[in-house]
Amino acid sequence: MGAMEMALRQATIEPARKALERMVQEKASRQKMVCHKCGGDLNMESYDRGRDLTTSFETIHFTRDYGFCPRCAEYVYPADIALGLHTRAPASPKVQEICALTALRSPAGQAQNDVLRLTGIELDASTLHHEARRQGERALTMRDVDELLTQTPEGIAALAGRAETPNTPFTLVIEIDAWNIRERDNWGQTKAFKKKGKDTQRWHWVYTGTVFRLDQRGTTESGRPVITERGYVATRKGIDAFQRQLYAEALQRGLLQAELVLIIADGAIWIWNIAEDRFKGAMQRVDLHHVQEHLWTLAAEIYGRNIVEAQKWIQPLLSWLERRHDGALDVINGLEDMKTTIKKLTQEHSEAIDREINYFKEHQHRMDYKAGKKLGQPVGSGAIESTCSQYQRRFKLTGQFWSLEGDEAFLALSTLHRNGRWKQLFPYDPL
Ligand SMILES: [Zn+2]
């Protein structure tokens with residue numbers, strides 16, 4: 001039957017292409033010569049300017065008029081705008097979407113083959129790459145608009161108005177983390193830089209967040225936690241930009257309607273600064289796994305290879321943390337005791353214990369895991385860790401080397417897709 005499908009596509013593609021060409025030309029010819037921005041009349045520049053388009057039915061040709069808007073000081077092709085086309089990029093809206101969607105899955109070279117097999121459309125890798133990048137920039141513009149809304153009370157109300165929330169009280173969970181991305185800073189200057197012994201690659205932080213309602217979190221039959229719906233934020237434009245984007249996303253997920261807001265993350269100080277700045281009054285929690293790691297690290301430092309002793313020491317502490325409301329205080333006391341009970345404590349060990357005492361004192365109010373479990377809340381930041389690894393899988397693929405701007409555009413595109421707002425970019429599809 002596969003062969004039948006192929007044969008039918010072959011037999012119908014030319015009539016379909018001709019029909020599309022005729023429809024496009026009719027729509028183009030109907031357009032009035034007015035500016036799409038200000039609505040003013042255009043000064044006629046040229047009639048019947050031709051262009052070729054790559055469409056899902058191969059290449060079509062059509063002509064359209066264009067003019068100059070004296071008020072906006074801009075050349076305008078009304079037909080291109082009405083048809084959803086970029087004035088220079090040759091992709092039809094459907095092809096634009098195919099480029100954007102496949103680029104999210106695989107690098108352009110591989111995507112080229114996938115597109116050909118799946119749709120029969122021949123696109124070269126460079127067109128695919130550039131078109132995906134252009135769609136990423138559109139996603140970036142949309143993100144910027146939302147980010148700007150967080151700066152005014154009216155904007156905040158508008159973002160909050162988009163939230164679809166239940167009538168019953170609910171908890172909103174926000175998880176935050178960061179990961180590294182390798183980028184080339186000085187595009188095209190690799191040789192010159194290498195001569196000078198300088199590296200052209202650098203690691204950049206990608207700040208990442210996820211937002212979901214507690215009632216949107218459940219478990220599969222096998223007991224694996226799943227979140228049915230959630231929002232994502234990812235940017236490498238710095239903490240301030242991240243903070244605004246996260247706020248915008250949280251507002252759209254019910255921040256202002258939530259009865260309780262819970263922020264979960266590892267111990268990084270910048271995260272708790274964001275929590276204080278933007279999410280005042282939110283409950284804060286340090287990821288339990290990170291806290292356990294701290295104790296294990298200390299155990300390894302003090303007891304070395306004596307695993308039996310290390311286990312004996314650590315078990316009660318781990319259990320206090322999970323089973324007592326003020327388990328962190330018990331751990332602090334346990335650490336204090338350690339300094340007196342262990343004979344011949346070295347300077348190094350003593351400092352290591354003090355370091356951990358300070359850590360637990362600093363985060364003590366973020367460590368009531370017993371209460372968290374009672375309320376059915378997550379005690380760890382597993383949701384954000386899986387978010388980060390999803391982004392990383394795509395960004396750390398070999399051959400995936402964009403510029404700084406390209407990476408950000410791609411992050412915005414990927415995030416828009418994850419957030420279920422793809423239709424905003426390609427509104428033509430009723431699906
Ligand atoms: Zn104008």
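All ligand and atom numbering here is 1-based and tracks the order in the structure.
Using a cutoff of 4.0 Å between basic side-chain nitrogens and carboxylate oxygens, D114 and R105 are not scored as salt-bridged. With respect to E408 and R236, a salt bridge is recorded, a charged nitrogen being found less than 4.0 Å from a carboxylate O. Residues R134 and E137 are not paired through a salt bridge, judged by the lack of any N-O separation under 4.0 Å between the basic side chain and the carboxylate.
If you count the protein N, O or S atoms nearer to the Zn ion (ligand 1) than 2.8 Å, you get 4.
Within the structure, the side chain to side chain donor-acceptor pair (under 3.5 Å) test picks out no pair touching residues 260-273 (sequence neighbours left out).
You'll find the side chain of F426 reaches within 4.5 Å of the side chain of Q135, heavy atoms only.
Within the 3.5 Å criterion, the main-chain N or O of L329 finds no donor-acceptor partner in the side chain of D326.
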